[in-house]
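Throughout, numbering of the chain's residues begins at 1 and tracks the sequence. Excluded from the calculations below are hydrogen atoms, water molecules and symmetry mates; all remaining heavy atoms, backbone and side chain alike, are included.
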Amino acid sequence: MTEPIRVLLADDQALVRGALAALLDLEPDLTVVAEVADGTQVVAEAMQHQVDVALLDVEMPGMDGVAAAAALRQAVPGCRVLMVTTFGRPGYLRRALAAGASGFVVKDTPARQLADAVRRVHGGLRVVDPALAADSLASGESPLTEREADVLREARDGGTVADIARVLALSEGTVRNHLSSAIGKTSARTRAEAVRIAVENGWLLGEQG
């Protein structure tokens, strides 16, 4: 018999992580060798446990899954990455693939399909949820500049113009200009609507988590 595929799970929700581990461990050719709660632990655990495939959640504290995938690609290039997320947002998919992920599926994927996705990614194939792939093509790239995304990210957290200016070391006038531009690019009527549209499309995922 060949050695089972060694899997790492990274998800900040213990219940979800445990359920995924239990499902994958039922497969005779898969074994979960490591579980972590945030992206900052991924590389060290992958190296220590000689992981073949890392299943990474997108939104995690400390370091998000996309940033963890990029770090893993540099530190352990032989380890494949499969993103598993609750939120199938097109912007997340594009960033994950650009960071070196080999696959992207949503958490309600049936257990058998998820196990098969792990096998296919391990075998060097790319696996992407078909509905998400179609949405990604339809939505296109983010229209926001990096600074506009920064401003909307701070606005999402409830910051006033003055708060955003202080955090980003910008003038209040510059912040207003970026907000106005972001509202126009997202075809929104208000900054709150611009934030919602950007979040739904996965354009505000920050490398800091």
**Those residues that, when tested against Ala70, pass side chain to side chain contact (heavy atoms under 4.5 Å, CB included) (two or more places apart)** = Ala99
**Request:** Of all the heavy-atom pairs spanning Gly39 and Ala68, show the shortest one and how long it is.
**Result:** O-CB, 4.0 Å
**Asked** Should Val42 and Met63 count as side-chain neighbours, where that means a heavy-atom distance under 4.5 Å?
**Response** no
**Request:** Search all heavy atoms of Thr109 against all heavy atoms of Val106 and return the closest pair with its distance.
**Result:** OG1-O, 2.6 Å
**Item:** CG-CG distance between Asp157 and Leu152, expressed to the nearest 0.5 angstrom
**Value:** 11.0 Å
**Message:** Is there a path of hydrophobic side-chain contacts, each under 4.5 Å between heavy atoms of I/L/V/M/F/W/Y residues, joining Val36 to Val33?
**Reply:** yes
**Pairs flagged by side-chain hydrogen bond (donor to acceptor under 3.5 Å, both in side chains) wherever residues 42-55 is involved - sequence neighbours left out** = Glu45-His49
**Whether Glu148 side chain and Leu144 backbone form a donor-acceptor pair below 3.5 Å** = no
**Request:** List the atom of Gly62, the atom of Thr40, and the distance in Å for their closest heavy-atom pair.
**Result:** C-CG2, 3.7 Å
**Message:** Would you compute the distance between atom OG of Ser102 and atom CZ of Arg80 and round it to the nearest 0.5 angstrom?
**Reply:** 5.0 Å
**Request:** For Asp116, check side chain to side chain contact (heavy atoms under 4.5 Å, CB included) against everything at least two apart and list the hits.
**Result:** Arg119, Arg120
**Request:** Enter the distance from Lys107:NZ to Met83:CE here, rounded to the nearest 0.5 Å.
**Result:** 10.0 Å
**Prompt:** Measuring from Arg196:CZ to Arg191:CZ, what's the distance to the nearest 0.5 Å?
**Reply:** 15.5 Å
**Fill in**
When every non-hydrogen atom of Ile197 is compared with those of Thr186, the smallest separation belongs to CD1-O, 3.4 Å
**Request:** Kindly work out whether a path of hydrophobic side-chain contacts (I/L/V/M/F/W/Y, heavy atoms less than 4.5 Å apart) joins Val81 to Val76.
**Result:** yes
**Request:** Could you go through the side-chain contact (heavy atoms from CB on, under 4.5 Å) check for Leu170 and Asp150 one step at a time?
**Result:** CA-CA 11 Å; Leu170 299 172; Asp150 288 340; over 6 Å; no
**Message:** Could you work out, with salt bridge (Lys or Arg N to Asp or Glu O under 4.0 Å) as the rule, every residue matching Arg112, not counting sequence neighbours?
**Reply:** none
**Val53, Val32, Thr31 screened by side-chain contact (heavy atoms from CB on, under 4.5 Å) with Arg6, the one that passes** = Thr31
**Message:** Please give me the minimum heavy-atom distance between Pro28 and Pro4, naming the atom from each residue.
**Reply:** O-CB, 4.3 Å
Compile the donor-acceptor pairs under 3.5 Å between side chains in residues 172-179 and protein atoms, sequence neighbours left out, one pair per line.
from   : atom 1 : to     : atom 2 : distance (Å)
Thr174 : OG1    : Ser171 : OG     : 2.8
Asn177 : ND2    : Gly173 : O      : 3.4

**Fill in**
Closest heavy-atom pair, Ala21 versus Glu35, reported as atoms and distance to 0.1 Å, is CB-OE2, 3.6 Å
**Message:** Looking at Leu26, I want to see if its CG is surrounded by more than 12 non-hydrogen atoms of other residues, nucleotides or ligands under 6.0 Å.
**Reply:** yes
**Item:** Side chain to side chain, Arg147 and Leu168, heavy atoms closer than 4.5 Å
**Value:** yes
**Message:** Within this structure, what is the CG-CG distance for the pair Asp64 and Asp38, rounded to the nearest 0.5 Å?
**Reply:** 11.0 Å
**Asked** Does one hydrophobic cluster hold both Ile5 and Leu55, with members joined at side-chain heavy-atom distances below 4.5 Å?
**Response** yes
**Item:** Rounded distance [0.5 Å steps], CG in Asp11 versus CD in Glu59
**Value:** 10.5 Å
**Item:** Val199-Ile164 co-clustered via ILVMFWY side chain contacts under 4.5 Å
**Value:** yes
**Prompt:** Same cluster or not: are Leu23 and Leu114 linked, directly or through other Ile, Leu, Val, Met, Phe, Trp or Tyr residues, by side-chain heavy atoms under 4.5 angstrom apart?
**Reply:** no
**Prompt:** Are the side chains of Lys185 and Thr145 in touch, meaning some heavy atoms are under 4.5 Å apart?
**Reply:** yes
**Item:** Any Val7 side-chain heavy atom under 4.5 Å of Val118 side chain
**Value:** yes
**Request:** Go through the structure and list residues passing side chain to side chain contact (heavy atoms under 4.5 Å, CB included) with Ala54, not counting sequence neighbours.
**Result:** Leu8, Leu56, Leu72, Cys79
